[in-house]
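Report on the structure given below.
Labels below follow one simple rule: chain letters A, B, ... track the order of the sequence lines, proteins then strands, and each chain is numbered from 1.
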Amino acid sequence: MNSHPLHNPENRRSSFTGSSTRVDLLRLQKSVLDFGRQCGAGEQNLARLKLILEEVLLNIGQHAYSSEPGPILIDASPARNNDMRLLTLAITDWGPPFNPLADSPVPNLDADLDERPIGGLGIHLVCQMASSVSYARLPEGQNRLVLSVEL
Amino acid sequence: MKIERNWQGSFLVLGLTGELDAETAPDFEAAADKLIEEGARFVVLDMSKLAFISSAGLRAVLVLGKGLRAVQGEVRFAALQKTVAEVFDIAGFSRLFGVFPDVGAALAKTGM
């Protein structure tokens with residue numbers, strides 16, 4: 001049996017902070033990906049995690065902090081749901097209320113090339129690739145997106 | 001991301017290496033615009049060395065597809081890796097575009 005403390009998932013909870021500047025968003029994405037790798041995520045799930053982080057973080061940069069950069073907090077913790085190993089991410093920003101799950105139009109995936117709008121796929125991809133996604137506006141004035149990704 | 005150009009008759013095969021994400025998509029869009037300006041009409045994207053695509057990357061290839069359609073051209077996709085194929089499926093791009101197991105199959109299908 002392996003007794004290294006990092007092999008106990010409960011010891012691997014971790015927090016990451018940064019601002020919504022482009023440089024910081026990339027750094028945050030990389031830090032969480034490294035954490036996912038340490039938690040044992042496979043290549044396919046790392047690619048999903050990377051995509052989810054890109055979409056969610058860019059979304060925060062565009063909607064929560066469109067005029068000037070602001071802070072972002074990511075709490076990451078491994079979890080288990082029956083036999084499935086998950087990484088749960090709670091992503092918090094201090095911008096005006098914005099629920100990406102409700103305020104993003106549902107894309108028409110059957111539209112012809114001429115009718116297909118440019119963009120609008122980010123949140124759809126997040127919802128399909130994450131095991132669960134939920135949004136809450138906190139009483140203290142933050143947006144919090146909580147999502148679970150398979151490891 | 002690296003883009004290799006390879007003309008095969010009237011077909012332009014673009015080999016993509018790396019990742020097509022928010023960082024690299026603007027460069028791809030600029031390169032694609034230039035290729036259409038220079039006369040490319042039928043383009044096959046060889047995705048065998050593309051490890052990752054995000055919605056910014058999807059947007060870029062959609063812009064290319066629309067741009068080619070506007071000049072009676074077409075884009076096709078070949079040799080998608082598993083992670084990229086999953087994104088294509090979820091976004092409905094596998095139905096929107098011709099997706100082929102390899103470049104040869106993409107070139108061989110008639111109508112291009």
Side-chain angles (χ1 to χ4, degrees), chain A residues 20-30 32-33 36-37 41-63 100 104-131 133 149-150, chain B residues 1 18-29 32-33 36 42-43 47 49-77 80-99 111-112:
Chain A
S20 61
T21 60
R22 199 157 185 90
V23 175
D24 252 20
L25 291 182
L26 284 171
R27 187 182 55 76
L28 268 173
Q29 185 190 39
K30 190 176 176 304
V32 178
L33 278 174
R37 197 172 282 117
E43 285 307 312
Q44 177 90 6
N45 289 326
L46 279 174
R48 288 181 184 144
L49 180 60
K50 182 176 167 148
L51 182 139
I52 287 168
L53 287 166
E54 177 171 320
E55 310 298 347
V56 171
L57 293 177
L58 285 180
N59 216 37
I60 290 175
Q62 281 165 8
H63 292 283
S104 305
V106 178
N108 177 4
L109 301 182
D110 294 317
D112 178 70
L113 186 54
D114 292 327
E115 277 82 47
R116 194 80 193 248
I118 305 287
L121 287 167
I123 291 301
H124 172 69
L125 290 170
V126 169
C127 291
Q128 295 298 312
M129 289 194 157
S131 298
V133 196
V149 187
E150 211 175 317
Chain B
M1 191 191 59
E19 305 192 334
L20 192 49
D21 56 14
E23 283 297 292
T24 57
D27 290 344
F28 176 84
E29 277 189 50
D33 277 353
I36 295 177
F42 300 103
V43 175
M47 317 275 269
K49 292 175 189 160
L50 188 76
F52 178 78
I53 192 165
S54 68
S55 72
L58 292 178
R59 182 197 139 90
V61 298
L62 187 60
V63 168
L64 172 62
K66 281 175 178 276
L68 288 170
R69 166 79 66 94
V71 292
Q72 284 76 53
E74 187 187 338
V75 64
R76 290 177 182 176
F77 298 86
L80 275 62
Q81 291 188 22
K82 201 173 152 197
T83 51
V84 174
E86 182 183 37
V87 177
F88 258 55
D89 286 344
I90 293 174
F93 276 34
S94 315
R95 302 197 296 274
L96 191 60
F97 295 111
V99 177
M112 195 170 201

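Between B:R69 and A:D112, at least one side-chain nitrogen of the basic residue sits less than 4.0 Å from a carboxylate oxygen of the acidic one, meeting the salt-bridge criterion. Ion pairing between a basic and an acidic side chain is recognised when a charged N comes within 4.0 Å of a carboxylate O; A:E43 and B:K82 show no such pairing.
The backbone N or O of A:L58 lies less than 3.5 Å from no partner atom in the side chain of A:H63, so there is not a single donor-acceptor pair. A donor-acceptor distance shorter than 3.5 angstrom exists from the side chain of A:Q29 to the backbone of A:K50, with no hydrogens or angles considered.
Contact annotation for A:Q44: both backbone and side-chain heavy atoms come within less than 4.5 Å of a heavy atom of chain B. Residue B:I90 touches chain A through both its backbone and its side chain, counting heavy-atom pairs closer than 4.5 Å. Within the 4.5 angstrom heavy-atom criterion, atoms from both the backbone and the side chain of A:D114 approach chain B. Contact of A:L26 with chain B is made through the side chain alone, with heavy-atom distances under 4.5 Å. Using a 4.5 Å cut-off between heavy atoms, B:E19 touches chain A through its side chain atoms alone. Both the backbone and the side chain of A:L121 come within less than 4.5 Å of a heavy atom of chain B. Heavy atoms closer than 4.5 Å to chain A are found nowhere in B:V84, neither backbone nor side chain.
In this structure, CD1 in B:I36 is found 12.5 Å from NZ in B:K66, a value given to the nearest 0.5 Å.
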Stepwise side chain to side chain donor-acceptor pair (under 3.5 Å) check, B:D89 with B:S94:
CA-CA 5 Å; B:D89 286 344; B:S94 315; 2.5 Å; yes
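Interface summary for chain A: among B:S55, B:A51, B:A70, B:G57, the most heavy-atom pairs under 4.5 angstrom belong to B:S55. Your options are A:L109, A:L113, A:L51, and the one with the most heavy-atom pairs under 4.5 Å with chain B is A:L113.
With 3.5 Å as the limit, one finds a donor-acceptor pair spanning the side chains of B:D21 and B:T24.
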